[in-house]
Structures are given as structure tokens and as C-alpha cells.
Amino acid sequence: MPELPEVETTLRGIEPYLLNQRITRVIVRQPKLRWPVPAHVCKAEGQRFVSLKRRGKYLLLSLEHGGLIIHLGMSGSLRILKQPLAPGKHDHIDVELDTGLCLRFNDPRRFGAFLWVDGDMESHELLRDLGPEPLSADFTTDYLYLRSRDRKTAIKNFIMNAHIVVGVGNIYASESLFMAGIHPQRAAGRVSKQRYEGLVAAIRDVLSRAIKQGGTSLRDFVNSDGAPGYFAQELLVYDRGGSDCFQCGAPVRQKVIGQRSSYYCPACQH
DNA sequence: CGAGGGACCTGGTTGC
DNA sequence: TGCAACCAGGTCCCTC
């Protein structure tokens with residue numbers, strides 16, 4: 001269930017248990033993920049974590065020499081086990097620490113990734129060409145407006161493109177477009193600068209609110225097995241097809257755009 | 001170069 | 001109740 005806020009919450013949840021700790025063993029039970037888990041992940045054994053970062057929806061766990069790139073895909077999760085626990089069906093990877101703790105990677109659909117990087121993490125080809133972080137100062141109205149010129153693709157696809165801006169998933173794309181009053185199918189190149197200003201603000205707002213929520217409701221995410229639907233109360237249009245728009249009362253519409261379910265109010269969004 | 005669709009997987013829900 | 005069809009929070013890769 002990971003969108004950017006959940007990846008950020010996961011990072012904050014695991015960091016205190018991993019930072020400066022030493023890996024004793026990496027156990028790969030199922031190497032068939034989005035890409036095969038490289039045998040090189042064993043290079044992590046004997047090394048300490050020196051920093052943990054998030055880039056888009058990727059988690060970057062830097063070790064003394066090299067590091068791990070983890071992506072949770074559609075259904076992945078990371079948990080800290082404080083004592084040994086027999087692996088369940090989709091518990092694909094364990095990273096054991098000398099503290100006795102274990103970082104366990106679970107991913108039923110196996111769209112996630114668990115990769116080894118020898119050199120600099122940020123220059124890895126998966127990360128090199130990513131757009132700016134939506135909550136950073138680099139993500140500006142001017143930037144988004146400039147990149148959108150002459151683009152015919154639907155604005156929803158445009159903001160979900162990680163080469164434009166990272167971390168805007170299917171839920172928050174619908175949510176931010178509703179907040180900005182922009183129809184999800186409008187061509188990206190046909191949205192005014194003024195409306196991009198509202199969209200940038202909406203994306204920042206919805207993501208930062210969700211991170212705050214994740215920080216409270218998902219505090220025990222790393223200990224338990226997650227809390228599905230934790231932000232459901234906050235959603236304005238997502239998964240509300242047929243229900244009344246909170247703003248005008250018209251029925252919220254559900255439509256497939258770019259092969260993904262999209263939700264919007266046909267009265268409020270143009 | 002951009003746009004669009006297929007591909008990768010499992011599991012829960014829906015509908016006949 | 002059984003079973004098939006459809007849907008799900010991601011994103012790379014191929015074709016046109």
C-alpha cells in the first residue's frame with residue numbers, strides 16, 4: 001500500500017533500529033521480485049548502516065561500502081522484528097542485525113525491488129533521471145509549468161510521471177487535482193500557470209498531511225502488520241465513485257485514465 | 001522525443 | 001457454495 005507518505009513513514013519507523021547497526025546475515029527466500037534480487041546483496045553482511053534516505057518511493061540504505069535500494073511496489077512492506085518469528089508466505093527477505101533484530105521484507109505481489117549498489121546510490125540508473133521531490137524547494141510552479149508545455153498527455157498521467165515529479169501516486173493524483181479544481185483528463189499543456197500554482201500547493205498539502213497522519217496512525221507499522229485505510233477519512237474523491245462531492249454534492253465520477261482508476265467531480269473540476 | 005499499452009504478480013471482492 | 005472475472009496504493013519497457 002505504499003504511496004510516498006507510507007514510504008516516508010516506513011523510513012522513519014525503521015531508521016532508529018538500523019542506523020549504525022551491523023548486518024550479520026541477509027537471507028533471500030524468494031529472489032524473483034520486480035528484478036531478480038542480486039546475489040551481491042550478501043556484500044551487505046558485516047557492514048554497518050551509515051545513512052537511510054528516501055528518494056521518491058525508493059528507500060536508500062547506505063552501508064560503509066555500497067548500499068541497498070528497496071522499493072515496496074504495490075504491496076510491499078518492511079517490518080522490524082524484535083525477536084525471531086517464523087517467516088510467513090510472502091516474507092521474501094530478512095536482514096539480520098548483530099543486535100538480534102531483523103528487518104523483514106514482505107511483498108505478496110512481488111512488484112517491489114531489493115537491489116545492491118556498489119557505488120554512489122543517487123547515480124544509480126533507476127534514480128538518476130527522477131524529477132524533484134514534491135516537498136522540496138525544487139518543485140515549483142515555474143518548473144511544472146515549463147515541463148508541461150506542449151504536452152498532450154492527461155494532467156493526471158503527467159503528475160504521476162516520476163521523471164516530472166516523484167511520489168505522486170494514484171490516490172494523491174486524484175486528490176490533488178480535485179483540490180486544485182483541474183479535470184484529470186485535461187491536457188497537461190493546456191493548464192494555466194495560475195492553476196499549476198494551485199496544483200503544486202495541493203500536492204504539497206495533501207502529501208504533507210498524509211505524512212503527518214502516517215506518523216501517528218502508522219507509528220506501530222514496523223511492529224504490526226500495517227493499518228490499511230489509515231488515511232481513508234481524509235480522502236475527498238478517491239474511492240468515492242457515485243458518492244456526493246463534498247464541495248458541491250454532485251456524484252463523484254470514476255473513470256479509467258491511463259489504465260488507472262481515477263476519481264473526480266465533473267462539476268468542480270475542469 | 002512523446003504517447004499508449006503490455007508486462008510483471010498475488011489475493012480479495014464481486015457477480016453469475 | 002463454486003468459480004471466473006475483475007480490481008488493487010507502481011513503473012519499466014516496447015512499439016508506434
Side-chain angles (χ1 to χ4, degrees), chain A residues 1-11 29-37 54-59 69-78 88-93 105-115 124-131 134 146-177 184-190 203 206-207 209-211 213-214 217-218 221 225-242 254-263:
Chain A
M1 323 169 174
E3 287 235 17
L4 183 145
E6 219 160 356
V7 178
E8 179 67 26
T9 301
T10 296
L11 172 67
R29 297 183 197 88
Q30 171 57 278
K32 291 179 187 169
L33 302 182
R34 178 74 160 82
W35 296 283
V37 178
R54 179 188 58 73
R55 178 76 177 98
K57 295 173 192 163
Y58 292 95
L59 289 167
I69 294 181
I70 299 174
H71 196 290
L72 301 177
M74 293 273 258
S75 58
S77 63
L78 287 170
K89 192 168 181 188
H90 302 292
D91 289 335
H92 305 314
I93 301 170
F105 177 84
N106 177 286
D107 185 9
R109 290 180 73 182
R110 290 194 268 129
F111 286 171
F114 198 102
L115 300 171
H124 189 277
E125 54 181 13
L126 283 172
L127 309 176
R128 205 177 41 206
D129 300 323
L130 292 177
L146 199 67
R147 294 292 307 266
S148 71
R149 292 307 88 186
D150 299 327
R151 291 278 194 132
K152 291 173 186 162
T153 198
I155 182 75
K156 177 161 181 274
N157 297 338
F158 180 68
I159 59 173
M160 287 179 68
N161 181 346
H163 295 290
I164 301 299
V165 57
V166 298
V168 181
N170 199 40
I171 293 175
Y172 297 114
S174 280
E175 292 295 298
S176 56
L177 287 167
Q185 267 187 317
R186 172 168 286 271
R190 298 199 52 208
I203 289 171
V206 75
L207 288 178
R209 275 191 297 119
I211 288 172
Q213 268 246 340
S217 331
L218 281 187
F221 181 68
D225 46 8
Y230 72 105
F231 48 62
Q233 308 92 326
E234 302 265 333
L235 297 177
L236 301 175
V237 284
Y238 186 82
D239 209 19
R240 295 196 63 245
Q254 173 178 12
K255 188 171 191 179
V256 174
I257 300 171
Q259 295 147 288
R260 308 297 300 276
S261 257
S262 309
Y263 300 84

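Heavy-atom basis, side chains included; hydrogens, waters and symmetry copies ignored. Naming convention: chains lettered A, B, ... in sequence-line order (proteins, then strands); numbering from 1 in each chain.
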If the cut-off is 4.0 Å, is H90(A) near the phosphate of dG11(B), judged by side-chain N/O to OP1 or OP2? yes
dC9(B) P sits how many Å from F114(A) CZ, rounded? 19 Å
In whole Å, what is the span from the CZ atom of R260(A) to the P atom of dC7(C)? 13 Å
Within this structure, what is the NZ-to-C1' distance between K57(A) and dT11(C), rounded to whole angstrom? 9 Å
Could you work out which one of dA8(C), dT11(C), dG9(C) sits closest to the side chain of R109(A)? dA8(C)
Can F111(A) be said to stack with the base of dC8(B), given centres closer than 5.5 angstrom and planes under 30 degrees apart? yes
In whole angstrom, what separates Q254(A)'s CD from dT14(B)'s P? 13 Å
Looking across every strand, which nucleic acid part, if any, lies under 4.0 Å from Y58(A) by heavy atom: base, sugar-phosphate, or nothing? sugar-phosphate
Phosphate OP1/OP2 of dA8(C): any S261(A) side-chain N/O under 4.0 Å: yes
Counting the atoms with a prime plus P, OP1 and OP2 as sugar-phosphate, which does R34(A) contact under 4.0 Å by heavy atoms, base, sugar-phosphate, or nothing? base
What is the distance from NE2 of H163(A) to C1' of dC12(C), rounded to the nearest Å? 8 Å
Tested for side chain to side chain contact (heavy atoms under 4.5 Å, CB included) against R109(A), the lone hit among H90(A), M74(A), R34(A) is M74(A)
Using a 3.5 Å limit on both pairing distances, list the dot-bracket string of DNA chain B from the 5' end; Watson-Crick and G-U wobble pairs count, crossing pairs take [ ], interstrand pairs take |. .|||||||.|||||||
Whole angstroms only, please: what is the CG-P distance between D239(A) and dG9(C)? 9 Å
Between dA8(C) atom P and D107(A) atom CG, what is the distance in whole Å? 18 Å
Closest to the side chain of H71(A), out of dG10(C), dC12(C), dT10(B), is dG10(C)
Taking the side chain as everything from C-beta on, heavy atoms only, tell me whether R54(A) gets closer than 4.5 Å to E8(A). yes
When rounded to whole Å, the CG to P distance for the pair L130(A) and dG10(C) reads 14 Å
Starting the side chain at C-beta, find the nucleotide from dG10(C), dC12(C), dA8(C) nearest to M160(A). dG10(C)
Nucleotide N/O to protein N/O under 3.5 Å, stretch nucleotides 1-5 of chain B:
residue, atom, partner, partner atom, Å
dG2(B), OP1, R151(A), NH2, 3.4
dA3(B), OP1, K152(A), N, 2.5
dA3(B), OP1, T153(A), N, 2.9
dA3(B), OP2, R151(A), NH1, 3.3
dG5(B), N7, Q259(A), OE1, 3.3

Give a yes or no on whether R190(A) atom CZ has more than 12 heavy-atom contacts from other residues, nucleotides or ligands under 6.0 Å away. no
Just say parallel, tilted or perpendicular for the rings of F105(A) and F114(A), cut-offs at 30° and 60°. perpendicular
Less than 4.5 Å apart, side chain to side chain, heavy atoms only: is that true for Y172(A) and L207(A)? yes
